[in-house]
Structure formats: C-alpha cells, structure tokens
Amino acid sequence: MLLHVPSVLTPDDLRRASEILRTAQWSDGRRTSGEQAAQAKHNQQLREDSPECRALQQIVLAGIERHPILISATLAKHISPPLFNRYAGEQNYFGDHVDSAIRHVNSSGARVRTDISCTVFLCEPDSYEGGELVITDTFGQQRVKLPAGDVVLYPGSTVHRVEPVTSGERLASFFWVQSMIRSDQQRRILFDMDNHLRELRGSFGESNAAVIGLTGTYHNLLRMWMEL
C-alpha cells in the first residue's frame with residue numbers, strides 16, 4: 001500500500017527541526033546502507049549518535065505517535081529510530097534499490113523487519129528542483145514530492161529511488177516499521193475497514209448495533225492475522 005499522510009509534523013515541529021538542521025554536521029550516507037544500496041547511494045546523513053539526530057528523532061517519533069492515520073495504516077510492532085538525509089551538490093541522488101529486509105538498530109542491538117518504508121519530508125517542494133521519490137509498484141512508477149511535514153508510506157519490498165536534486169537541498173527523515181500484520185494486503189483491508197468504521201461512528205455513534213458488530217469483525221481479523 002502506497003499512502004500519503006499529510007501534516008504528521010506541525011509547523012512548530014518543522015520550525016524546531018529547521019533550527020537543528022541549520023547546525024547539523026553531515027556525513028557520507030553510504031555508511032548506513034547494505035551492499036547493494038551503497039552502490040547506488042549518493043547523499044549525506046546525520047550520524048545516528050549525534051545530538052542533532054537524537055533531538056530530531058524525538059520530534060519525528062512524537063508526530064508519528066499522535067497521528068491516528070499512521071497508527072491505523074502501520075499497526076506498528078516496532079519502529080526503527082528515524083534517520084535524516086540531505087541531497088544537494090554532488091551528493092544528490094539515490095539510484096534504484098530495495099531496502100534490506102532487516103534493519104539493525106545500532107543503539108540497542110534490536111532488529112526491525114522492514115515491512116513498511118517511510119519518508120518524512122522536511123522542506124517545501126518548491127525549495128529544491130528534482131529530488132522526487134520514485135516508487136515502482138503494480139500500477140507503474142509513482143513520483144512523490146510532498147509538502148514539509150507530510151509522510152509517504154510504501155512497502156519495503158518495492159524498488160525505489162530518489163531523483164537527482166539539481167538545485168537547492170532536499171531534507172528528509174526516513175525510517176522503517178515492522179507491523180503486527182506482516183501482509184501488505186491484510187494491512188490494507190484493516191486500514192480500509194478502520195476508515196469506514198470512523199465514518200460510521202461519526203454518522204451513527206458508538207452504540208449503533210452495526211457499528212458494534214463491524215468493530216468486532218475488525219478486531220477478530222486483527223486477532224487472526226497479527227503477530228506479537
């Protein structure tokens with residue numbers, strides 16, 4: 001499932017993030033990639049152990065945790081610590097690649113299965129040229145360039161790339177989610193059902209018999225499919 005989730009970060013979040021990023025020290029992005037991705041990767045990243053990265057992680061994780069659409073769409077079991085990248089100058093693109101199936105979290109030694117890849121855009125699309133995230137799925141190539149604070153979710157199994165940034169700089173956060181529901185198709189069914197249930201609750205209330213019954217069906221499917 002490819003999903004655009006708007007306004008995950010607030011204007012205040014973005015102002016704080018911008019202040020931190022202005023003093024950030026960037027390093028070669030290839031140091032955090034697998035062998036295949038490193039061959040295609042030409043960008044910069046913040047070091048995971050830097051105080052700037054840790055401060056930005058708190059901002060992004062708070063936005064994720066308070067956003068109901070993200071919670072419903074991912075049904076997260078584990079979220080890898082968000083990372084931060086920059087595309088500009090000579091380090092301005094990331095060729096076609098597939099994310100590694102397992103993300104090792106250096107700070108804790110934990111492992112996260114990368115069911116869902118996530119990108120948080122940190123600068124406005126008119127502040128740089130190029131830099132589209134291109135995702136190849138069953139409908140062809142989807143080109144994504146979103147407003148600051150918005151998030152795109154897509155299956156970690158997809159081939160994707162970042163087009164060259166020809167002027168300005170593209171700043172973003174990225175992370176992976178291991179879902180309680182491994183199957184992308186099953187997650188989509190549950191997400192659609194949850195969206196319809198919200199509409200029904202708004203129209204008929206929580207005590208409506210059909211709403212209660214369909215809520216039970218949603219949770220029974222969740223019990224059937226989830227991994228804890």
Side-chain angles (χ1 to χ4, degrees), residues 1-11 13-14 17 57 59-85 94 96-101 103 112-125 131-163 170-202 214-215 217-219 221-222 225-227:
M1 176 172 62
L2 176 64
L3 181 66
H4 169 202
V5 186
S7 302
V8 173
L9 300 185
T10 66
D13 291 334
L14 292 167
Q57 284 173 343
I59 294 171
V60 172
L61 287 171
I64 295 166
E65 291 168 359
R66 66 173 176 254
H67 203 288
I69 300 300
L70 268 176
I71 293 169
S72 175
T74 62
L75 294 169
K77 181 178 181 180
H78 300 298
I79 299 175
S80 69
L83 300 176
F84 301 86
N85 59 23
F94 197 161
D96 282 337
H97 65 285
V98 177
D99 293 336
S100 299
R103 176 71 187 172
V112 177
R113 188 181 66 229
T114 57
D115 298 326
I116 305 168
S117 298
C118 311
T119 297
V120 187
F121 289 80
L122 297 177
C123 54
E124 296 298 346
E132 294 87 355
L133 173 62
V134 182
I135 302 165
T136 302
D137 64 13
T138 54
F139 293 99
Q141 289 190 342
Q142 311 298 316
R143 302 178 71 85
V144 183
K145 188 173 181 179
L146 300 179
D150 288 14
V151 173
V152 62
L153 310 178
Y154 53 100
S157 57
T158 56
V159 175
H160 55 282
R161 67 177 184 268
V162 176
E163 297 281 53
R170 178 191 189 271
L171 301 172
S173 175
F174 60 101
F175 60 94
W176 293 272
V177 174
Q178 178 175 333
S179 178
M180 292 186 290
I181 308 298
R182 184 188 292 237
S183 163
D184 182 62
Q185 182 180 25
Q186 291 171 347
R187 283 197 306 274
R188 178 61 182 264
I189 291 170
L190 289 167
F191 179 62
D192 287 346
M193 183 177 288
D194 195 30
N195 283 335
H196 293 314
L197 276 167
R198 277 196 293 271
E199 293 180 11
L200 289 172
R201 290 187 187 104
L214 286 172
T215 300
T217 300
Y218 172 89
H219 285 284
L221 288 172
L222 190 58
W225 292 337
M226 72 180 177
E227 302 173 0

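Positions are given from 1 along the sequence.
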Spatial distance of atom CG (L122) from atom CG (L146) [nearest 0.5 Å] | 11.5 Å

Taking the side chain as every heavy atom from C-beta outward, state whether [X] and [Y] have any atom pair closer than 4.5 Å.
X	Y	result
L221	M193	yes
W225	L190	yes
F191	L75	no
K77	D115	no
R182	R113	yes
H196	L214	no
F175	L61	no

[X] side chain vs [Y] backbone, donor-acceptor pair below 3.5 Å:
X	Y	answer
D184	M1	yes
T136	Q141	no
S179	T74	yes

Without hydrogens or angle criteria, can the side chains of S117 and D99 be said to hold a donor-acceptor pair below 3.5 Å?
-> yes

Parallel, tilted or perpendicular: rings of F174 and W176 (30°, 60°) = perpendicular

